[in-house]
Amino acid sequence: MLESRRLSHKGTDDLRAARAVESRLPALQVKAQQAKLVLNVLKSQEQQAIARLKNLPAYEAAMGLSKKLMAEAAKDQSLSKKLMAQKPSSEGGGTGKRGSEKAAQDIRADK
């Protein structure tokens with residue numbers, strides 16, 4: 001009997017908690033809709049700001065420099081991979097100096 005009372009009280013507490021959560025749902029849905037609207041406004045403002053920036057010469061120069069640096073970084077990564085691939089083969093048998101000379105020539109050729 002004591003166990004059934006505990007279960008009954010627990011059930012009542014669970015029901016009360018569920019109803020409390022249910023009563024907060026409409027307010028949370030309204031907040032979520034407002035957040036979506038704000039997000040859309042912010043995206044629109046961001047797109048407008050980017051469109052204004054694209055017309056500025058300084059922005060165009062910075063973007064050009066950025067693209068150039070990214071291309072150089074890609075070349076450097078490619079070259080470092082090539083050098084790392086050559087390194088194990090050049091370490092054996094005294095051909096290390098010739099291998100490094102070839103790598104230096106490759107670097108000069110890429111420039």
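Computed from a prediction, not measured in an experiment: that's the story for all the values here.
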Please report, to 0.1 Å, the donor-acceptor pairs under 3.5 Å made by any side chain of residues 14-23, with sequence neighbours excluded.
{"from": "D14", "atom 1": "OD2", "to": "K10", "atom 2": "NZ", "distance (Å)": "3.2"}
{"from": "R16", "atom 1": "NH1", "to": "D13", "atom 2": "OD1", "distance (Å)": "3.4"}
{"from": "S23", "atom 1": "OG", "to": "A20", "atom 2": "O", "distance (Å)": "2.7"}

>> I need the I50 CD1 to N55 CG distance, nearest 0.5 Å.
In response: 12.5 Å
> Going from CG on D76 to CG on L83, what distance comes out if it is rounded to the nearest 0.5 angstrom?
Replying inline: 10.5 Å
> Can you name the closest pair of heavy atoms from E60 and K54 and give their distance?
Replying inline: OE2-O, 2.9 Å
> Which value, rounded to the nearest 0.5 Å, describes the distance between L65 atom CG and M70 atom CE?
Replying inline: 12.0 Å
>> Taking transitive links into account, so neighbours of neighbours count too, which hydrophobic residues share a cluster with L28 at under 4.5 Å side-chain distance?
In response: none
>> Rounded to the nearest 0.5 Å, what separates atom CD in Q47 from atom CD in Q45?
In response: 11.0 Å
>> Using a 3.5 Å distance criterion without hydrogens, assess whether the side chain of S66 forms a donor-acceptor pair with backbone atoms of A62.
In response: no
> If you round to the nearest 0.5 Å, how far is CG of L53 from CE of M63?
Replying inline: 10.0 Å
> Nearest 0.5 Å, what's the OG-CE distance between S80 and M84?
Replying inline: 8.0 Å
